[in-house]
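Inspection log for the structure reproduced underneath, given as structure tokens.
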Amino acid sequence: MAKPTANYAVYLVTDSTPAILGNKDLTEIVEKAIQGGVTCVQYRDKDGEQSAVVATAKALHAITKKYNVPLLINDRVDVAAEIDCEGVHIGQDDMGIEEARKIIGENKIIGASAGNAEEAITACKAGADYLGIGAVYATSTKKDTKTILGPAGVKSILVAMDAAGYGAVPTVCIGGVNTGNTATVLRQSSAAPRKSVDGVAVVSAIIAAEDPAAASRDLLGQVAVGKIAD
Ligand code: TZP
Ligand code: MG
């Protein structure tokens, strides 16, 4: 099977911690979010016990497949290989991209995190299929974020990617993104000829939302607003 195509417009990254998920059901939130317009899902669980993570990953994949939305697994390449989902997302402290590629194969999506131009270009060289650029704004969801880039910092990374010949690699930005700042991020990261990031990746704006479907719909609408103004 060929590598799945992905739309990164509204990219949901999950969080299973009580501070964000509370006692809600993650699979229900993910289904509602997809119904609202989420285009790509990453299951991120840094601490979960292996068999529980595999079980949740399988449950999430059953949902995402129903809607033809790709499911990627953060960091845990073995889990992605076991459940045969669409790919993985690799952080700076995780397994290398080339090693992950050997494990999951050519026909899977590998995304990578980048916090500066050097990390972005290194990941592109190693074969990343898309980049998550961040943190664009301050966030309490991830405690170890290094730099707060702001939209201007995101733009400078996009410009460097263009200059290095990686202008076609899709990008999303992550960190403190919500409906209120999505259009601004797209507009202000816009760097002709590549234009802006392709979408936004969010955790709490959807997972902690009272109405995940409405939050997803609003985010998708704001991505469109930001792109029109591109
Ligand atoms: N990587 C960089 S920031 C971040 C991750 C996983 C957390 C983003 O969470 P939120 O709630 O969307 O700010
Ligand atoms: Mg990681």
Side-chain angles (χ1 to χ4, degrees), residues 8-22 24 26 29-30 32-33 36-48 53 57 60 71-77 79-80 87-95 97 109-120 123 128 130-151 153-154 157-158 170-186 189 197-212 214-220 222-223 226:
Y8 298 104
V10 181
Y11 183 148
L12 170 62
V13 179
T14 72
D15 191 300
S16 304
T17 59
I20 292 179
L21 183 61
K24 292 178 289 187
L26 184 62
I29 292 177
V30 167
K32 286 181 184 147
V38 156
T39 56
C40 187
V41 176
Q42 178 190 133
Y43 173 37
R44 181 171 182 268
D45 188 338
K46 309 299 281 181
D47 312 314
V53 168
L60 291 175
L71 176 71
L72 311 181
I73 311 288
N74 180 290
D75 190 0
R76 303 174 75 144
V77 179
V79 174
V88 293
H89 184 91
I90 302 287
Q92 285 295 320
D93 302 324
D94 301 338
M95 178 189 286
I97 293 170
I109 298 169
I110 299 184
S113 303
N116 57 50
E118 192 191 337
E119 288 175 359
Y130 76 89
L131 296 186
I133 297 176
V136 56
Y137 295 117
T139 177
S140 53
T141 305
K142 188 172 191 279
K143 307 294 177 206
D144 61 347
T145 50
K146 290 169 200 132
T147 322
I148 306 302
L149 295 163
V154 175
I157 294 174
L158 299 183
T171 55
V172 292
C173 61
I174 183 162
V177 179
N178 55 44
T179 49
N181 58 25
T182 287
T184 301
V185 170
L186 265 92
S189 68
V197 286
D198 296 277
V200 290
V202 303
V203 181
S204 52
I206 292 176
I207 301 288
E210 214 162 286
D211 184 341
S216 304
R217 212 160 29 241
D218 290 347
L219 286 163
L220 192 60
Q222 289 304 306
V223 168

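Everything numeric here is computed off the predicted structure, so don't read it as measured data. Sequence positions, counted from 1, serve as the residue numbers for this chain. No hydrogens, no waters, no symmetry mates; every other heavy atom, side chains included, goes into these values. Both ligands and their constituent atoms are indexed starting at 1 by order of listing.
Side-chain N or O atoms of R217 include none that pairs as donor or acceptor with a backbone N or O of A33 at under 3.5 Å. The closest donor-acceptor contact from the side chain of Q222 to the backbone of D218 lies at 3.5 Å or more, if one exists at all.
Summary of contacts: the protein heavy atom closest to atom 13 (O) of ligand 1 is T139 OG1, 2.6 Å. The closest protein non-hydrogen atom to atom 5 (C) of ligand 1 is K142 CD, 3.3 Å. Nearest non-hydrogen protein atom to atom 12 (O) of ligand 1 is V203 N, 2.9 Å.
In this structure, H89 and Y11 have perpendicular ring planes: the angle between them is above 60°, well past the 30° mark.
The closest approach between a heavy atom of G176 and any atom of ligand 1 is below 4.0 Å.
Atoms of ligand 1 found under 4.0 Å from any heavy atom of V202 (numbered from 1 in listed order, with element): 12 (O). Ligand-side atoms of ligand 1 in range of S204: 10 (P), 11 (O), 12 (O), range being under 4.0 angstrom from any heavy atom. Each of the following atoms of ligand 1 lies closer than 4.0 Å to a heavy atom of T145: 3 (S).
Contacts with ligand 1 closer than 4.0 Å are made by no heavy atom of V13, backbone or side chain. Only the side chain of T141 comes within 4.0 Å of ligand 1, counting heavy atoms alone; its backbone N, CA, C and O stay farther away.
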Note to self: Set out, in order, the CA-CA distance, both residues' side-chain angles and the distance that settles side-chain contact (heavy atoms from CB on, under 4.5 Å) for T14 and D45, then state yes or no.
What the structure shows: CA-CA 8 Å; T14 72; D45 188 338; 6.0 Å; no
Next item on the list: Applying salt bridge (Lys or Arg N to Asp or Glu O under 4.0 Å), run through D144 and K146 and close with a yes or a no.
Entry: CA-CA 6 Å; D144 61 347; K146 290 169 200 132; over 6 Å; no
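Heavy atoms only, all atoms of each residue included: S113 and G91 are closest at OG-CA, 3.8 Å.
In this structure, the side chains of V177 and N181 come closer than 4.5 Å at one or more pairs of heavy atoms.
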